[in-house]
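Working notes, structure below.
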Amino acid sequence: MLATGSQTIGPYWHLILHPEWADLTRFGAVGERIGLTIGLRDGDGAPVGDAAVELWQATPPADARFPGFGRASADAEGRCRFTTIKPGPLPAAGNAWQAPHCALAIFARGLLKPLFTRVYFADEALNAEDPLLGAIADPARRASLIAKAAGPTDWAIDIVLQGANETVFLEL
Amino acid sequence: MSADMSQPPYDAPAYASTARRAPRQTLLALPAALAAASEALGPRFAPAGYPPLADLSRHAGGAALGERIIVAGRLTDEAGRPLRGAMIEIWQANAAGRYDHPQDAHDAPLDPHFHGEGRVFTDDDGAYRFVSIKPGAYPWRNHPNAWRPNHIHLSLFGAGFAQRLITQMYFPGDPLLALDPIYLAIADPAARARLVARFDLALTEPEWALGYRFDIVLRGAAATPMETP
């Protein structure tokens, strides 16, 4: 049995938008609280103002105080913002580790299926050993997955759907 | 038929909005073990945190206008195993083809008794059910005289992003399906046809609502790579 076909989320998905979901700390999660601002642009450099961005992270483990999942809506400038707990390292194969990261899925009008990517953080020494980052030969492409500090507790990353600075998207 | 033929491409020229949003670079394969670790301790979706709303046919104290329908089906993985306790989000236009959404400028009336958001969870057999009204078709300016077929948006959560699915359920006999670039973006006609619900008299409730059956299959989860079918 083959999987059911994907279809676009379309422009009217905000009927299922619950803005509070963008704050993964709203139930009192413990840890280093951060803001993550994501800017989305298309192949013309235009803001993707109708995107839904979902964030999924495995650390801290999801529990009653940390949902592990968030959804945010891009604004007219193509920006959305999450508040979450900075993730920790995760196991990879053998004794290796994956650097702290959040998994992202991007849905929008014009995307018949989601784009998957990851957000890493520029201050993490483990980035140098991360197996996924290590699989990207071009340093500029690798940098497309790494958020930069935008303040004491704030991080920012640009996601480019298409073109010269296209973000690395993942096949799951 | 390859699995790829059951899924649409990013770049579908007849659907104009894909032109500047489809990535051009080859996707980077995420090894299953890395994906599994990344999502193993991830979120679980349960009614306590995400309250169900299984009747879209009433809103603000009154019954919505339109043809009342019951939509039900089973959610399974590609091996046919039921997916239990899975969250399904639902949204749709009203019977006139208008969304209760500030960006929808279609010249069709809003219905004060229809909002168009729902949420249900599958039971132990993977079954789900909700009540709504049949959504209307609406114009969308993709090409001259473009109209979307009647459809209901469904958003499904499995185990991790590998099983995440957003799709649209269509209605049998809709003449707009043969003209719709979004539906036609799935190359395999059989895979496409599985997006069309089946009228089901057994599900239909006498003197009350028409029944449509829509079964949904999610991909195998990358989060369980050690399982062999």
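Every chain is numbered from 1 and lettered A, B, ... according to where its sequence line falls, protein lines coming before strand lines.
Heavy atoms of T26(B) lying under 4.5 Å from chain A belong exclusively to its backbone. Of the two parts of L165(B), only the side chain, counted from C-beta on, holds a non-hydrogen atom closer than 4.5 Å to a non-hydrogen atom of chain A. Using a 4.5 Å cut-off between heavy atoms, D215(B) touches chain A through its backbone atoms (N, CA, C, O) alone. Using a 4.5 Å cut-off between heavy atoms, H115(B) contacts chain A through both its backbone and its side chain. Contacts of I90(B) with chain A are made by backbone atoms alone, with heavy-atom separations under 4.5 Å and no side-chain atom involved. Heavy-atom distances place no part of A93(B) under 4.5 Å from chain A, backbone and side chain included. Of the two parts of I186(B), only the side chain, counted from C-beta on, holds a non-hydrogen atom closer than 4.5 Å to a non-hydrogen atom of chain A. Both the backbone and the side chain of V48(A) come within less than 4.5 Å of a heavy atom of chain B. With a threshold of 4.5 angstrom between heavy atoms, Y10(B) approaches chain A through its backbone and through its side chain.
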Inset, instruction - Quick one: do L170(A) and L27(B) satisfy side chain to side chain contact (heavy atoms under 4.5 Å, CB included)? Show the steps, please. - result: CA-CA 5 Å; L170(A) 304 175; L27(B) 302 189; over 6 Å; no

Legend entry - From CA spacing to verdict: side chain to side chain contact (heavy atoms under 4.5 Å, CB included), Y15(B), L111(A): CA-CA 10 Å; Y15(B) 176 20; L111(A) 289 176; over 6 Å; no

Inset, instruction - Could you go through the side chain to side chain contact (heavy atoms under 4.5 Å, CB included) check for W13(A) and H101(B) one step at a time? - result: CA-CA 9 Å; W13(A) 68 268; H101(B) 186 288; over 6 Å; no

Inset, instruction - Mind running ring pair (Phe, Tyr, Trp, His ring centres under 6.0 Å) on Y50(B) and W21(A) for me, showing each step along the way? - result: CA-CA 10 Å; Y50(B) 301 89; W21(A) 292 9; 5.0 Å; yes

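Of the listed residues (P67(A), A64(A), A92(A)), the greatest number of heavy-atom pairs within a distance under 4.5 Å of chain B belongs to P67(A). When the candidates L104(A), L40(A), D63(A), I136(A) are compared by the number of heavy-atom contacts under 4.5 Å with chain B, L104(A) comes out ahead. The residue among A185(B), A22(B), A191(B), G80(B) with the most heavy atom pairs within less than 4.5 Å of chain A is A22(B). Ranking P11(A), A105(A), P87(A) against chain B, the residue ahead of the rest is A105(A), based on heavy-atom pairs under 4.5 Å. Top candidate by heavy-atom pairs under 4.5 Å with chain B, chosen from A3(A), G68(A), G10(A), is A3(A). Interface remark: of the candidates L161(A), D42(A), V160(A), L161(A) forms the most heavy-atom pairs closer than 4.5 Å to chain B. Taking Q168(B), R192(B), R148(B), H153(B) one by one and counting their heavy-atom pairs under 4.5 Å with chain A, the maximum is reached by Q168(B).
Taking every heavy atom of both residues into account, L34(B) and P131(A) meet most closely at CD2-CG, 3.8 Å. Across A62(A) and P43(B), no two heavy atoms sit closer than the pair CB-CA, 3.9 Å. Residues G5(A) and L195(B) approach most closely at O-CD2, 3.7 Å, considering heavy atoms. Shortest non-hydrogen contact noted between L15(A) and D100(B) is CD2-O, 3.4 Å. Between F161(B) and E54(A), the closest heavy-atom pair is CZ-O, 3.8 Å. Across every non-hydrogen atom of R20(B) and D44(A), the tightest pair is NE-OD1, 2.9 Å.
Looking at R21(B), its side chain does come within 3.5 Å of a backbone N or O of R109(A) through a donor-acceptor pair. In this structure, E166(A) contributes its side chain and P23(B) its backbone to no donor-acceptor pair below 3.5 Å. Within the 3.5 Å criterion, the main-chain N or O of R141(A) finds no donor-acceptor partner in the side chain of Q25(B). Side-chain N or O atoms of Q7(B) include one that pairs as donor or acceptor with a backbone N or O of S6(A) at under 3.5 Å. Counting only distance, with no hydrogens or angles, the side chain of R219(B) and the backbone of L172(A) share a donor-acceptor pair below 3.5 Å.
The shortest side-chain heavy-atom distance between L132(A) and L28(B) falls under the 4.5 Å cut-off. Residues T18(B) and L112(A) meet the side-chain proximity criterion, which asks for heavy atoms closer than 4.5 Å.
In the displayed structure, N165(A) atom CG is contacted under 6.0 Å by at most 12 heavy atoms of other residues, nucleotides or ligands.
Within residues 115-122 of chain A, the residues that have a heavy atom under 4.5 Å from a heavy atom of chain B are L115(A), F116(A), R118(A), listed by number.
Distance check: I9(A) CD1 to I166(B) CD1 gives 3.5 Å after rounding to the nearest 0.5 Å. The distance from atom CD of E78(B) to atom CE of M1(A), rounded to the nearest 0.5 Å, is 8.5 Å. Rounding to the nearest 0.5 angstrom, the gap separating the NE2 atom in H106(B) from the OH atom in Y12(A) is 9.0 Å. Distance check, rounded to the nearest 0.5 Å: CG of D188(B) to CG of L2(A) gives 7.5 Å.
In this structure, a donor-acceptor pair under 3.5 Å is present between the side chains of H18(A) and E117(B). Between the side chains of Q7(A) and Y170(B), a donor-acceptor pair is found at a separation under 3.5 Å.
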